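The model shown is predicted, which means the values in this text are computed figures rather than measured ones. In what follows, chains carry the letters A, B, and so on, assigned in the order in which the sequence lines appear, proteins first and then strands, with residues in each chain numbered from 1.
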Amino acid sequence: ETGVTQTPRHLVMGMTNKKSLKCEQHLGHNAMYWYKQSAKKPLELMFVYNFKEQTENNSVPSRFSPECPNSSHLFLHLHTLQPEDSALYLCASSRGLAGKYEQFFGPGTRLTVL
Amino acid sequence: QQQVKQSPQSLIVQKGGISIINCAYENTAFDYFPWYQQFPGKGPALLIAIRPDVSEKKEGRFTISFNKSAKQFSLHIMDSQPGDSATYFCAASTETSGSRLTFGEGTQLTVNP
């Protein structure tokens with residue numbers, strides 16, 4: 001595997017379910033990100049981790065819970081979601097935190113909340 | 001202050017034509033302006049980026065034009081090809097903001113054969 005991988009690619013869940021999204025980067029990067037992509041809206045940064053430590057939480061509801069056990073893996077735990085949470089969830093990584101470092105994105109997980 | 005406005009929302013161009021996508025920003029502290037390209041089923045990928053010390057950057061058929069005084073930058077795709085059909089996002093950030101990239105709303109480009 002190369003680059004940034006995400007699993008599952010598609011997920012349908014009910015509002016009472018608990019599920020997790022997984023992201024893995026094979027680039028040796030130190031920073032990892034979760035974004036939410038909704039139709040016709042800018043990408044929304046959700047969380048940022050640098051060397052496994054959370055550096056940013058962009059006022060994300062607590063029903064989204066990130067976990068970063070090491071610099072290569074990032075999880076997004078989901079519970080009691082709402083239909084408006086349906087979106088494409090993108091993971092990204094970069095060598096460091098700064099605008100100059102290119103962010104590499106995974107293919108995303110298409111989430112549908114029923 | 002942090003927004004990046006992108007237009008048009010969608011664009012249809014004939015093969016061989018020029019595609020132009022525009023972005024405007026408010027925050028004068030922005031000093032890095034990348035463009036990302038996203039194909040269906042894929043995540044965005046960096047296409048080309050510019051810093052405000054130059055007014056233009058060209059890579060192959062892709063050119064960024066930057067107007068610092070107007071706080072605008074644009075992507076020009078010369079000799080557009082059907083394979084260029086994708087969604088394009090402009091973005092902006094500052095060194096001091098660290099990781100935060102502020103994205104535009106995206107432009108869905110369709111290049112007809």
task = Specify which of Gln6(B), Gln108(B), Gln9(B) makes the most heavy-atom pairs with chain A at under 4.5 Å.
result =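 Answer, by heavy-atom pair count under 4.5 Å with chain A: Gln9(B).
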Does [X] share a hydrophobic cluster with [Y], counting links as ILVMFWY side-chain heavy atoms below 4.5 Å and allowing steps through other members?
X: Phe75(A); Y: Leu45(A); result: no
X: Leu109(B); Y: Ile20(B); result: no
X: Phe64(A); Y: Tyr49(A); result: yes
X: Tyr33(A); Y: Leu21(A); result: no
X: Phe66(B); Y: Ile48(B); result: yes

request  = Starting at CG of Leu46(B), measure out to CZ of Phe105(A) and round the result to the nearest 0.5 Å.
outcome  =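 Going from CG on Leu46(B) over to CZ on Phe105(A), the span is 9.5 Å.
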ask   = For Gln37(A), is it the side chain, the backbone, both, or neither that has a heavy atom closer than 4.5 Å to a heavy atom of chain B?
value =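 The side chain, not the backbone.
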query = Under a 4.5 Å heavy-atom cut-off, does chain B meet the side chain of Leu43(A), its backbone, both or neither?
reply =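 Both parts, backbone and side chain.
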query = Do you know which of Val4(A), Leu88(A), Asn58(A), Asn50(A) has the most heavy-atom pairs under 4.5 Å to chain B?
reply =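 Of the candidates given, the most pairs with chain B belong to Asn58(A).
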task = Examine distances only and state if a side-chain atom of Arg9(A) and a backbone atom of Gly41(B) form a donor-acceptor pair shorter than 3.5 Å.
result =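 Pair found, side chain donor or acceptor close to backbone of Gly41(B).
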With a 4.5 angstrom heavy-atom cut-off, could you sort out which part of [X] is near chain A: side chain, backbone, both or neither?
X: Pro44(B); answer: both
X: Phe39(B); answer: neither
X: Tyr32(B); answer: side chain

request  = For Phe103(B) and Pro42(A), work out which heavy atoms get closest and say how close.
outcome  =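 Phe103(B) and Pro42(A) have their closest heavy atoms at O-CB, 3.3 Å.
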key: Minimum side-chain heavy-atom gap Leu101(B)-Gln103(A) below 4.5 Å   =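 Yes, close enough: below the 4.5 Å cut-off.
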